[in-house]
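Convention: sequence-line order gives letters A, B, ...; per-chain numbering from 1.
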2 protein chains.
Amino acid sequence: MDQHLPHQHRLPQHLLRAREAVMAYFRPLLNGFGLTEQQWRIMRLLDDRGEMEAGMVADLACILSPSLTGILVRMEKAGLIHRRKDKTDSRRLIVSLSDSGRALTHQISPLSAACYQQIEQHFGEAKLSQLLQLLAELEQLPTPSQASETASSNGESEPDA
Amino acid sequence: MDQHLPHQHRLPQHLLRAREAVMAYFRPLLNGFGLTEQQWRIMRLLDDRGEMEAGMVADLACILSPSLTGILVRMEKAGLIHRRKDKTDSRRLIVSLSDSGRALTHQISPLSAACYQQIEQHFGEAKLSQLLQLLAELEQLPTPSQASETASSNGESEPDA
DNA sequence: TCTGAATGATGAACATCTTAACATTTCGTA
DNA sequence: TACGAAATGTTAAGATGTTCATCATTCAGA
């Protein structure tokens with residue numbers, strides 16, 4: 001009757017559900033300011049680290065470049081950021097927070113922190129830091145291609161010289 | 001110089017990154033069969049539990065109903081599932097796996113399990129089950145509205161009578 | 001029985017994701 | 001110097017996410 005698969009833990013699904021549970025706390029706040037998750041991630045990033053290339057924004061904010069292109073255009077149109085080309089290498093796009101974007105970031109930040117406090121309070125500080133540790137390790141999983149390279153004894157990776 | 005915010009753990013971002021690292025293992029497999037993540041989630045669900053209402057699919061597969069509507073239409077068009085109205089309550093939509101959908105599911109399942117084994121091997125069985133436990137607990141976070149109700153002593157929730 | 005609230009799904013509008021193809025610019029090198 | 005490869009963004013097309021509105025159906029109660 002119940003044919004439960006032996007190793008079917010559905011890790012991706014649990015990661016998704018957990019994320020939804022957490023985002024339920026932040027989403028109303030961001031919506032109230034007319035921001036999307038992704039826009040808020042980018043704003044915090046730029047506020048924390050200052051201006052940077054689009055590629056680095058993509059990496060750090062976990063956004064693929066084709067998505068990022070549109071997001072940055074809309075954010076510039078909304079007056080949140082500036083976009084300019086790198087003078088040395090005109091392939092590169094430099095993204096920076098505008099003054100009003102920075103002001104908005106500083107306005108939202110404490111509210112976001114308060115949301116986070118709520119979550120921490122409900123879930124428990126110890127479990128939270130334990131979870132973050134495990135997630136950080138999971139993020140370091142070798143890429144499937146890397147994994148297969150390791151499996152075969154001849155490392156196809158670039159020689160470091 | 002480095003102005004790291006005190007309680008800025010970025011839990012949602014880590015959940016997202018971790019999920020990406022894991023999905024990198026599954027995505028090529030599903031793409032090879034022309035399936036999306038969501039479609040595969042739905043197929044496994046229907047194979048495991050048999051036919052069910054669309055609403056339950058949405059809940060269990062973590063898909064919002066407006067998205068689900070289109071996904072189910074496309075899956076039926078692809079011959080993976082059947083859709084029919086409940087005879088008793090014609091508001092409800094009953095979704096079931098087609099024969100070819102079931103065959104495809106059974107074809108992919110062992111390959112998916114093999115991917116999972118790889119991940120388990122790299123990450124470690126103990127840490128994996130520990131992580132799953134924490135995620136399951138995090139999913140149980142009270143909704144922000146529930147949390148605020150609990151905070152105020154007068155429960156505004158529906159009286160159970 | 002009739003009406004208004006509740007329920008389940010869909011429609012609409014916009015944003016984002018995902019993959020593949022392109023365009024531009026830069027760099028290494030013959 | 002000119003050519004081809006690599007790096008960086010952008011377009012394109014289709015699928016999904018997100019919020020709000022709407023439609024059809026059912027249900028509860030006057």
Rounded to the nearest angstrom, tell me the gap between atom [atom1] in [X] and atom [atom2] in [N].
| X | N | atom1 | atom2 | answer |
| --- | --- | --- | --- | --- |
| Arg41(B) | dC17(C) | CZ | C1' | 13 Å |
| Arg19(A) | dT18(D) | CZ | C1' | 13 Å |
| Leu93(A) | dT10(D) | CG | P | 5 Å |
| Asp86(A) | dA7(D) | CG | C1' | 13 Å |
| Leu30(B) | dT18(C) | CG | P | 12 Å |
| Glu37(B) | dG14(D) | CD | C1' | 15 Å |
| Leu16(A) | dT16(D) | CG | P | 14 Å |
| Gln38(A) | dC17(C) | CD | C1' | 9 Å |

- prompt: Is Ile63(A) touching bases, backbone alone, or none of the nucleic acid, heavy atoms closer than 4.0 Å?
  reply: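 It contacts sugar-phosphate atoms only.
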message: Under 4.0 Å, heavy atoms only, any strand: does Ser65(B) hit a base, just the sugar-phosphate, or nothing?
response: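 Result for Ser65(B) = base.
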- line: Whichever of Leu68(A) and Ile94(B) has the more 5' nearest nucleotide on DNA chain C, that residue is Ile94(B)
message: Check the phosphate of dT10(C) against Arg83(B), side-chain N and O only, distance under 4.0 Å to OP1 or OP2. Yes or no?
response: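 Arg83(B) to dT10(C) OP1/OP2: side-chain N or O found under 4.0 Å.
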task: Indicate whether OP1 or OP2 belonging to dA9(C) is found under 4.0 Å from a side-chain N or O atom of Arg84(B).
output: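 Answer no for this pair, as no side-chain N or O of Arg84(B) is under 4.0 Å from OP1 or OP2.
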I'd like a list of close polar pairs between nucleotides 19-24 of chain D and the protein, N/O only, cut-off under 3.5 Å.
| residue | atom | partner | partner atom | Å |
| --- | --- | --- | --- | --- |
| dT19(D) | OP1 | Asn31(A) | ND2 | 2.9 |

If you count heavy atoms of other groups shown closer than 6.0 angstrom to [atom1] of [X], is the number above 12?
| X | atom1 | result |
| --- | --- | --- |
| Lys127(B) | NZ | yes |
| Arg49(B) | CZ | no |
| Met56(A) | CE | no |

- request: For the pair Arg92(B) (side chain) and Lys87(B) (backbone), establish whether a donor and an acceptor sit closer than 3.5 Å, ignoring hydrogens and angles.
  value: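 Side chain of Arg92(B) to backbone of Lys87(B), a donor-acceptor pair under 3.5 Å: no, none is there.
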- request: May I ask you to say whether Arg84(A) pairs ionically with Glu51(A), meaning some side-chain N is under 4.0 Å from a carboxylate O?
  value: yes
query: Is any side-chain N of the basic residue among Glu37(B) and Arg19(B) closer than 4.0 Å to the acidic one's carboxylate O?
result: yes
message: To check you understand the geometry: which heavy-atom pair defines the closest contact between Leu132(A) and His14(B), and what is its length?
response: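 Nearest heavy atoms, Leu132(A) then His14(B): CD2-CD2, 3.9 Å.
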- request: Using heavy atoms and a sub-4.0 Å distance, could you list which residues of residues 70-80 of chain A are near DNA chain D? By number, please.
  value: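 By residue number: none to list.
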query: Do the side-chain N and O atoms of Gln133(A) and Glu137(A) include a donor-acceptor pair separated by under 3.5 angstrom?
result: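 Note: Gln133(A) and Glu137(A) side chains meet the donor-acceptor criterion.
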- line: Of the listed dA9(C), dC17(C), dA7(D), the closest approach to the Arg92(A) side chain comes from dA7(D)
Residue Ser90(B), side-chain atoms from C-beta onward, closest of dT26(D), dT16(C), dT26(C): dT26(D)
message: Can you confirm whether Arg41(B) sits close enough to Arg10(A) that some side-chain heavy atom of one is under 4.5 Å from a side-chain heavy atom of the other?
response: no
What's the separation between atom [atom1] in [X] and atom [atom2] in [Y], rounded to the nearest 0.5 Å?
| X | Y | atom1 | atom2 | answer |
| --- | --- | --- | --- | --- |
| Leu35(B) | Arg27(B) | CG | CZ | 13.5 Å |
| Gln13(A) | Leu16(A) | CD | CG | 7.0 Å |
| Leu45(B) | Met52(B) | CG | CE | 4.0 Å |

message: Under 4.0 Å, heavy atom to any atom of DNA chain C: which of residues 52-61 of chain B qualify?
response: Ala54(B), Gly55(B)
